[in-house]
> 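Before we start, here is the structure in question, set down as structure tokens.
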Amino acid sequence: MAIALALVLVAIGSVVFHFASPWWWTPIASNWGYIDGTLIITFWITGAVFVAVVLFMAYCVLRFRHRTGNQALYEPENKRLEWWLTVATALGVAAMLAPGLVVWQQFITVPEDATEVEIVGRQWSWSFRLPGKDGKLGTSDIRYVDADNPLGLTPDDPNARDDIVIDGGDLHLQIGKPVKVLLRSLDVLHDFYVPEFRGKMDMVPGSVTYFWMTPTRTGNFDILCAELCGVGHPQMRGQVVVAEEAAYQAWLEKQKTFAELSGRPGPQKASYTPASP
Amino acid sequence: MGDVLIGRGDAIPPAEVVDVELYHPHSWITKYVFSQDAKVIALQYSLTALAIGLVALVLSWLMRLQLGFPGVFSFIDPSQYLQYITMHGMIMVIYLLTALFLGGFGNYLIPLMVGARDMVFPYVNMLSYWVYLLAVLVLVASFFVPGGPTGAGWTLYPPQAILPGTPGHEWGIILMLVSLIIFIIGFTMGGLNYVVTVLQARTRGMTLMRMPLTVWGIFTATVLALLAFPALFVACVMMLFDRVLGTSFFIPALVSMGEQLKYGGGSPILFQHLFWFFGHPEVYIVALPAFGIVSDLIATHARRNIFGYRMMVWAIVAIGALSFVVWAHHMYVSGMNPWFGFFFATTTLVIAVPTAIKVYNWVLTLWRGDIHLTVPMLFALAFIVTFVNGGLTGLFLGNVVVDVPLSDTMFVVAHFHMVMGVAPILVIFGAIYHWYPKITGRMWNEALAKFHFWITFLGAYAIFFPMHYLGLLGMPRRYHDIGQTSFIPESAHTLNAFISIVALIVGVAQMVFLFNMFWSLRHGRKADGNPWRATTLEWQTPETPPGHGNWGKELPVVYRWAYDYNVPGADQDFIPQNQPPTPRPA
């Protein structure tokens with residue numbers, strides 16, 4: 001008896017908690033509203049199944065609890081019912097999987113006009129690199145990493161000389177411009193995670209990973225590390241500043257190129273107007 | 001089911017059993033210490049697993065103290081926190097759940113339920129336990145070495161697991177890897193035993209499709225484990241080489257703490273593939289025995305045949321097979337080729353179908369049953385609730401694009417605790433309460449058992465259900481202190497404190513369980529041989545607790561499936577599997 005009541009409470013309490021509690025995702029700041037949409041579809045379908053199963057159990061416990069003279073029905077199988085439930089489940093699963101896969105296709109298809117930014121993780125800080133005037137990121141190799149060249153850019157790669165290296169500052173992005181985020185790690189696994197962007201991806205030493213997104217809201221957003229990277233893991237923080245074009249360009253003016261930072265010959269000014277699309 | 005009778009309905013004559021002198025133990029040491037009796041080995045496995053499980057429980061208290069009240073408990077530093085989560089996770093998954101379900105329940109129940117005298121290789125079975133104990137001791141030793149146990153997270157991802165910056169990278173990780181290697185050796189001895197016993201030592205009439213679902217669950221899980229553990233074994237050996245010999249299986253060229261290391265060319269993602277090729281089947285290694293056991297608890301206590309037995313068997317087998325092609329859903333954001341996402345999301349969501357069938361069949365067994373709300377039944381009901389909840393949140397994490405925002409957050413922590421922590425542990429409790437009278441010959445105290453049930457069920461739900469929403473909010477896992485962020489409101493910290501308080505209460509309630517188990521050994525009411533009026537063979541033994549060799553002189557003969565409850569026309573509401581059919585009128 002008490003258990004029937006408890007089951008009803010669990011079912012209803014969970015739904016009430018879902019709608020009434022103050023804990024929900026942070027307002028989105030990227031183009032990945034479709035991810036939120038798929039999540040909502042999943043909440044509805046799974047929520048309905050959960051409530052239905054638990055309430056049905058409560059009904060059974062109440063209705064078919066032992067009383068003297070009760071006899072259970074002897075019914076080993078019911079093919080029709082079993083197939084009907086199987087097909088209904090398969091449809092429900094398909095209703096979640098199909099939109100999920102469509103959105104995943106978008107998530108892994110980087111648009112042609114996306115600009116590249118590189119984000120480099122190491123224990124326990126973030127660095128960033130933007131392509132310089134040439135619009136191309138230079139190559140890098142872990143063997144070149146030293147105090148003057150914290151990201152290990154190839155010293156004699158002309159594409160690298162004008163790259164803008166931000167070591168210990170914020171990542172700035174322009175609103176409305178799709179970016180392909182290239183991710184690299186110098187030591188252990190890290191994960192570039194900005195809750196408002198919804199996207200996230202591990203950074204793996206020895207390879208370059210990526211994802212893409214378009215910032216849709218200006219403001220400052222926290223960068224957290226989402227892959228355990230040692231004792232400093234929770235302190236590995238950074239900021240992304242999403243700004244309008246003018247403010248972004250003004251910031252860009254002040255940045256230094258790799259050549260400038262490392263005292264090598266090459267472009268000394270970071271400011272540039274991107275080549276026409 | 002048309003399988004009640006064999007042949008033309010005549011009873012099979014009992015087999016003539018040659019009176020063999022069994023190798024009965026003659027001393028206290030061979031009876032209780034170096035015992036070759038599967039039942040004693042089962043208890044050794046169970047008690048060891050519960051003992052090390054208590055360590056994991058205490059670690060969870062320490063974690064919750066830190067998370068609920070960051071900064072208050074100055075004796076917990078960030079390194080220790082990482083060591084707690086690592087050891088807690090590894091102990092629970094491997095040394096408690098795997099060992100208890102397969103080594104504990106497998107050893108006790110397989111021979112009894114299939115009508116065998118013992119496991120087929122009793123000596124190897126004994127060895128299996130002692131090797132397991134050694135693995136546990138090596139694991140425990142890591143608490144006492146310089147630097148302490150590893151704090152790499154239970155997934156032990158390289159390169160971080162073996163590099164400075166991670167606690168226990170000096171000795172802790174070595175002991176962890178060695179302990180896992182020993183565990184797998186021990187498990188393989190036990191596992192081969194369980195599989196061969198099920199295949200070769202079933203008594204007359206016990207066809208595969210008459211086996212209780214408990215045996216099906218444990219059998220299939222053991223097959224999975226025998227196929228999955230080797231992947232972990234090689235991963236551990238390779239990482240041990242990386243750490244000790246300086247090979248580079250998993251470690252690429254890198255700069256650690258400003259210093260160029262000599263490693264080069266290894267792949268950290270290779271480790272993840274090997275780990276999860278083991279790790280996902282591992283979920284089902286824990287879940288399938290729970291599925292099987294809970295099916296039998298529900299049928300027995302609802303006095304109704306399990307609904308759709310054949311579908312249940314095929315669902316177990318299908319889940320087991322599918323569990324080998326879903327592993328990379330743990331790696332959607334690992335940086336592997338993103339095209340894998342399509343394949344693994346599809347296989348993962350397909351596995352929901354046989355899993356859902358099992359859930360339907362459990363609740364349909366309740367429907368039109370004669371439900372006795374005994375303690376085992378209460379735990380079975382609680383299992384269904386938590387398993388359905390945890391299984392459904394798996395559909396979020398399995399659906400690749402939905403996983404992206406949620407992975408590595410508290411949502412994942414809530415999900416896997418609900419589905420492979422709380423749910424199987426509720427089955428373990430239900431099973432212990434169910435079989436305790438057979439194992440000890442005594443009943444436990446019902447009031448204490450019910451108290452334990454209510455706190456555990458409602459408390460565990462109150463811990464893990466709200467935790468999903470912390471993850472949805474974006475709170476990452478494996479942070480000893482979230483610190484300042486722009487997106488986590490003050491109220492989330494209050495929720496964390498609430499979760500911690502409930503967790504401590506639930507933790508303390510487990511002491512009531514332990515007390516009940518030990519107190520009842522001496523003071524419990526004497527139980528008769530079949531207190532639940534169950535059909536399966538272990539309740540039909542000539543002695544309770546069953547003696548060495550289980551069956552006395554004559555092996556039982558099986559005439560029917562395990563679920564003849566409330567058969568129309570029968571004179572009582574259950575017919576044991578070994579009861580011969582009444583001859584048909586000519």
Side-chain angles (χ1 to χ4, degrees), chain A residues 3 10 14 21-23 25-26 35 38-39 42 46 50 53-54 56-57 60-61 64-66 70-74 76-77 82 85-86 89-90 93 96-97 100-101 103-104 107-108 123 142 145 186-189 191 195 198-202 204-206 209 222 224 226 228-231 234, chain B residues 1 78-79 153 157 159-160 165-166 252-256 268 303-305 308 311 333-335 338 341-342 349 352-353 356-357 360 363 366-372 378 381 385 388-389 392 395-396 399-402 404-405 408 469 472-474 476 478-479 481 485-487 491 566-568:
Chain A
I3 185 74
V10 164
S14 302
S21 87
W23 304 297
W25 59 43
T26 55
I35 294 184
T38 317
L39 217 151
T42 314
T46 56
F50 179 68
V53 170
V54 177
F56 182 74
M57 280 169 64
C60 287
V61 169
F64 302 109
R65 70 184 185 281
H66 173 68
N70 262 16
Q71 192 167 12
L73 175 75
Y74 186 77
E77 286 182 343
E82 287 176 71
L85 285 170
T86 306
T89 308
V93 164
M96 289 180 280
L97 181 62
L101 293 186
V103 179
W104 181 245
F107 190 78
I108 66 175
Q123 290 170 317
I142 193 85
V145 172
L186 302 183
D187 41 37
V188 302
L189 300 178
D191 187 300
R198 301 300 187 256
K200 73 157 78 75
M201 191 55 72
D202 276 9
V204 184
T209 58
D222 290 327
L224 287 85
L228 180 57
C229 59
V231 281
Chain B
M1 193 161 218
S79 296
Y157 279 0
Q160 168 272 124
T166 298
L254 49 78
V255 178
S256 174
R303 315 305 297 162
R304 184 158 187 252
N305 62 79
M311 198 74 134
V333 298
S334 69
F342 293 105
L349 267 67
V353 177
I357 289 172
Y360 299 145
V363 294
L366 296 173
W367 185 60
R368 306 192 67 176
D370 177 22
I371 302 171
H372 289 58
L378 292 176
L381 294 171
V385 173
V388 170
N389 190 291
L392 289 170
L395 294 169
F396 291 71
N399 198 354
V400 53
V401 84
V402 184
V404 171
D408 292 306
Y469 291 82
L472 196 62
L473 193 59
R478 292 168 167 173
Y479 274 38
D481 184 356
T485 61
S486 57
F487 61 94
S491 61
N566 273 306
V567 179

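This one's a predicted model, so the numbers in the text were calculated from it and none came from an experiment. Naming convention: chains lettered A, B, ... in sequence-line order (proteins, then strands); numbering from 1 in each chain.
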> Between B:Asn305 and chain A, with a heavy-atom cut-off of 4.5 Å, which part of the residue counts as in contact: side chain, backbone, both or neither?
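The side chain, not the backbone.
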
> Would you mind checking which part of A:Val93 comes under 4.5 Å of any heavy atom in chain B, side chain (CB onward), backbone (N, CA, C, O), both or neither?
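Both parts, backbone and side chain.
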
> Less than 4.5 Å to any heavy atom of chain A: does that hold for the side chain of B:Pro405, its backbone, both, or neither?
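The answer is both parts of B:Pro405.
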
> Could you check if a side-chain atom of B:Pro338 sits within less than 4.5 angstrom of a side-chain atom of A:Trp104, using non-hydrogen atoms only?
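Side-chain contact under 4.5 Å: yes.
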
> So which residue, B:Val388, B:Val400, B:Ile357, B:Val402, ends up with the most heavy-atom pairs under 4.5 Å with chain A?
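Ranked by heavy-atom pairs under 4.5 Å with chain A, first place is B:Val400.
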
> At a heavy-atom distance under 4.5 Å, which candidate from A:Val204, A:Thr86, A:Thr38, A:Thr42 has the highest pair count against chain B?
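It is A:Thr42.
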
> Heavy-atom pairs under 4.5 Å with chain A - which of B:Thr166, B:Leu378, B:Asn389, B:Asp481 has more of them than the others?
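Most heavy-atom pairs within the cutoff with chain A belong to B:Asn389.
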
> In sequence, state the C-alpha distance, the side-chain angles, and the governing distance for A:Met201 and B:Val333, and then conclude on side-chain contact (heavy atoms from CB on, under 4.5 Å).
CA-CA 5 Å; A:Met201 191 55 72; B:Val333 298; 4.2 Å; yes

> Looking at chain A, which one of B:Gly153, B:Ala352, B:Ser79, B:Gly165 has the largest number of heavy-atom pairs inside 4.5 Å, strictly under?
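Ranked by heavy-atom pairs under 4.5 Å with chain A, first place is B:Gly165.
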
> Which residues pass the salt bridge (Lys or Arg N to Asp or Glu O under 4.0 Å) test with B:Arg303, not counting sequence neighbours?
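Counting only residues at least two positions away or on another chain, B:Arg303 forms a salt bridge (Lys or Arg N to Asp or Glu O under 4.0 Å) with B:Asp573.
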
> Which residues satisfy the side-chain contact (heavy atoms from CB on, under 4.5 Å) test with B:Pro78, sequence neighbours excluded?
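With neighbours one apart ignored, the set is B:His480.
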
> Side chain from CB out, backbone as N, CA, C, O: work out which of these in B:Phe487 comes under 4.5 Å of a heavy atom of chain A, or both, or neither.
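The answer is both parts of B:Phe487.
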
> Roughly how far, to the nearest 0.5 Å, is the CZ atom of A:Phe64 from the CG atom of B:Asp370?
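If we round to the nearest 0.5 Å, B:Asp370:CG and A:Phe64:CZ are 11.0 Å apart.
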
> Please state whether the side chain, the backbone, both or neither of A:Pro234 comes within less than 4.5 Å of a heavy atom of chain B.
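Both backbone and side chain.
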
> Check B:Val404 against A:Arg198 and note the closest heavy-atom contact, atom names and distance.
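Scanning both residues completely, I find the closest heavy atoms to be CG1-O, 3.4 Å.
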
> Would you mind checking which part of A:Pro22 comes under 4.5 Å of any heavy atom in chain B, side chain (CB onward), backbone (N, CA, C, O), both or neither?
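Answer is side chain: those atoms of A:Pro22 sit under 4.5 Å from chain B.
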
> Chain A heavy atoms under 4.5 Å from B:Tyr157: which part of the residue, side chain, backbone, both or neither?
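For B:Tyr157, side-chain heavy atoms alone lie under 4.5 Å from chain A.
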
> Any heavy-atom pair between the side chains of A:Phe50 and A:Ser14 that's under 4.5 Å?
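In contact.
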
> Can you say whether A:Thr46 sits under 4.5 Å from chain B via the side chain, the backbone, both, or neither, judging by heavy atoms?
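For A:Thr46, the contact with chain B is made by backbone and side chain together.
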
> If we define contacts as heavy-atom pairs under 4.5 Å, which of B:Leu395, B:Asn399, B:Thr485 has the most with chain A?
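That would be B:Asn399.
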
> Counting heavy-atom pairs under 4.5 Å with chain B, which one of A:Gly230, A:Cys229, A:Gly206 comes out on top?
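Counting heavy-atom pairs under 4.5 Å, the top option is A:Gly230.
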
> Which residue out of A:Leu189, A:Thr209, A:Val53, A:Val54 racks up the most heavy-atom pairs below 4.5 Å with chain B?
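Of the options given, most contacts go to A:Leu189.
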
> What's the spacing between A:Asp187 CG and B:Gln160 CD if we round to 0.5 Å?
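Going from CG on A:Asp187 over to CD on B:Gln160, the span is 10.0 Å.
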
> Name the option with the most non-hydrogen atom pairs under 4.5 Å to chain A; the candidates are B:Val385, B:Val353, B:Val255.
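Answer, by heavy-atom pair count under 4.5 Å with chain A: B:Val255.
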
> For chain B, which candidate among A:Val103, A:Leu39, A:Val188, A:Leu73 shows the most heavy-atom pairs at distances under 4.5 Å?
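Top count of heavy-atom pairs under 4.5 Å with chain B: A:Leu73.
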
> What part of A:Gln123 lies closer than 4.5 angstrom to a heavy atom of chain B: side chain, backbone, both or neither?
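For A:Gln123, the side chain is the part near chain B, not the backbone.
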
> Hey, can you tell me if A:Phe56 and B:Trp367 have their rings parallel, tilted or perpendicular (30° and 60° cut-offs)?
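Tilted: the ring planes of A:Phe56 and B:Trp367 meet at 30° to 60°.
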
> Which bit of B:Pro268 is near chain A, if near means a heavy-atom gap under 4.5 Å: side chain, backbone, both or neither?
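Just its side chain gets close to chain A.
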
